[in-house]
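Computed over heavy atoms, backbone and side chain alike; hydrogens, waters and symmetry mates excluded.
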Amino acid sequence: YTFAGSDESFISVTGVGGHVISYTQNVVPSGAACQAAQATKTAATFLAARGYPDMVASYAYTTNGVCYINFAYSDHNVLVYPDLIQVGVSADTGKVTYFQAAGYLNNHRDGRPLTASLSQADARAKLSPSFTPADDGRLCIIPSPGKNEILCYEFKGTGENGKQYLCYLNANTGVEENIFLLLEDENGVLTI
């Protein structure tokens, strides 16, 4: 069900369970600079107050005066990217003006396999020689075609072209499952 508010806001609620799946407030913030750290703190508090525990902020990006922060569920320190929630915080008021929980509501469940066959060191050794990792990697679950999920190690690093990437290696086979280009500018971070 979708409802419109008098303040040009819209909220969608699931027909089964009555969960808020999305919220949008159509406002045009003034030119105030959005501080990503404060917006992330506001968004995390908002999620915790609404019963979304163990959410970890990944990246934030500001556009049209709203700072959008992506949060992934953390299950025993394994990031679960299919269980994604995005929260938008207005730069001028510091209030939440956007909420999207479709990924979380459609995918969240208990009992995912969280044990890797490969160690972090073994996975790191399987990275392409043209990729220089900036960290030791971390376990995560990523979506794959066909609505499947894959336990992976996520490595952030630099390609031979000098650009920043996220590389996902299967935590059981060592096969490269996906790679994303990180675009960082004054507005935040995007992945493509």
Between [X] and [Y], is any pair of side-chain heavy atoms under 4.5 Å apart?
| X | Y | result |
| --- | --- | --- |
| D54 | D75 | no |
| C167 | E176 | yes |
| C152 | L169 | no |
| Q100 | I21 | yes |
| F10 | N26 | yes |
| E154 | Y81 | yes |
| Y52 | Y73 | no |
| L181 | Q164 | no |

Quiz item: When you look at D185 and Y61, which way does the side chain to side chain contact (heavy atoms under 4.5 Å, CB included) test go after all the steps?
Solution: CA-CA 9 Å; D185 62 21; Y61 193 81; 3.6 Å; yes

So does [Y] get a backbone contact from the side chain of [X], meaning a donor-acceptor N/O pair under 3.5 Å?
| X | Y | value |
| --- | --- | --- |
| Q120 | G137 | yes |
| S58 | N70 | yes |
| R124 | D135 | yes |

Practice problem: Tell me whether the centres of the aromatic rings in Y165 and F131 are closer together than 6.0 Å. | Solution: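 Distance test on ring centres: not under 6.0 Å, no.
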
For the student: nearest non-hydrogen atoms of [X] and [Y], plus distance:
| X | Y | answer |
| --- | --- | --- |
| A60 | C67 | CB-SG, 4.0 Å |
| L118 | G174 | CD1-N, 3.3 Å |
| I150 | S144 | CD1-CB, 3.5 Å |

Would you compute the distance between atom [atom1] of [X] and atom [atom2] of [Y] and round it to the nearest 0.5 angstrom?
| X | Y | atom1 | atom2 | value |
| --- | --- | --- | --- | --- |
| L105 | I85 | CG | CD1 | 7.0 Å |
| L79 | F71 | CG | CZ | 12.0 Å |
| M55 | R50 | CE | CZ | 14.0 Å |
| D122 | S117 | CG | OG | 10.5 Å |
| I141 | D83 | CD1 | CG | 8.0 Å |
| N170 | E177 | CG | CD | 4.5 Å |

Check for me, please, whether [X] and [Y] land in the same ILVMFWY cluster - side-chain distances under 4.5 Å, paths through other members count.
| X | Y | value |
| --- | --- | --- |
| I142 | L182 | yes |
| L139 | Y168 | no |
| V13 | V96 | yes |
| Y59 | V66 | no |
| L47 | I11 | yes |

Quiz item: For the residue pair Y153 and F155, does the interplanar ring angle fall in the parallel (under 30°), tilted (30 to 60°) or perpendicular (over 60°) class?
Solution: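 Rings of Y153 and F155: tilted, as their planes differ by 30° to 60°.
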
Practice problem: Report, as yes or no, whether the 6.0 Å neighbourhood of atom CG on D7 holds more than 12 heavy atoms from other residues, nucleotides or ligands. | Solution: yes

Quiz item: Counting heavy atoms not belonging to N77, are there more than 12 under 6.0 Å from its CG?
Solution: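 It does not: N77 CG has 12 such atoms or fewer within range.
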
Practice problem: Run the numbers on R112 and N107 for side chain to side chain contact (heavy atoms under 4.5 Å, CB included), then give the verdict. | Solution: CA-CA 11 Å; R112 287 179 163 112; N107 298 307; 4.0 Å; yes

Quiz item: Would T42 and I69 count as a side chain to side chain contact (heavy atoms under 4.5 Å, CB included) if you check the C-alpha gap in whole Å, the side-chain angles of each, and the deciding distance to 0.1 Å?
Solution: CA-CA 10 Å; T42 298; I69 306 100; over 6 Å; no

Exercise. Kindly indicate, with the supporting measurements, whether the criterion side chain to side chain contact (heavy atoms under 4.5 Å, CB included) is fulfilled by N187 and T63.
Key: CA-CA 7 Å; N187 294 317; T63 184; over 6 Å; no

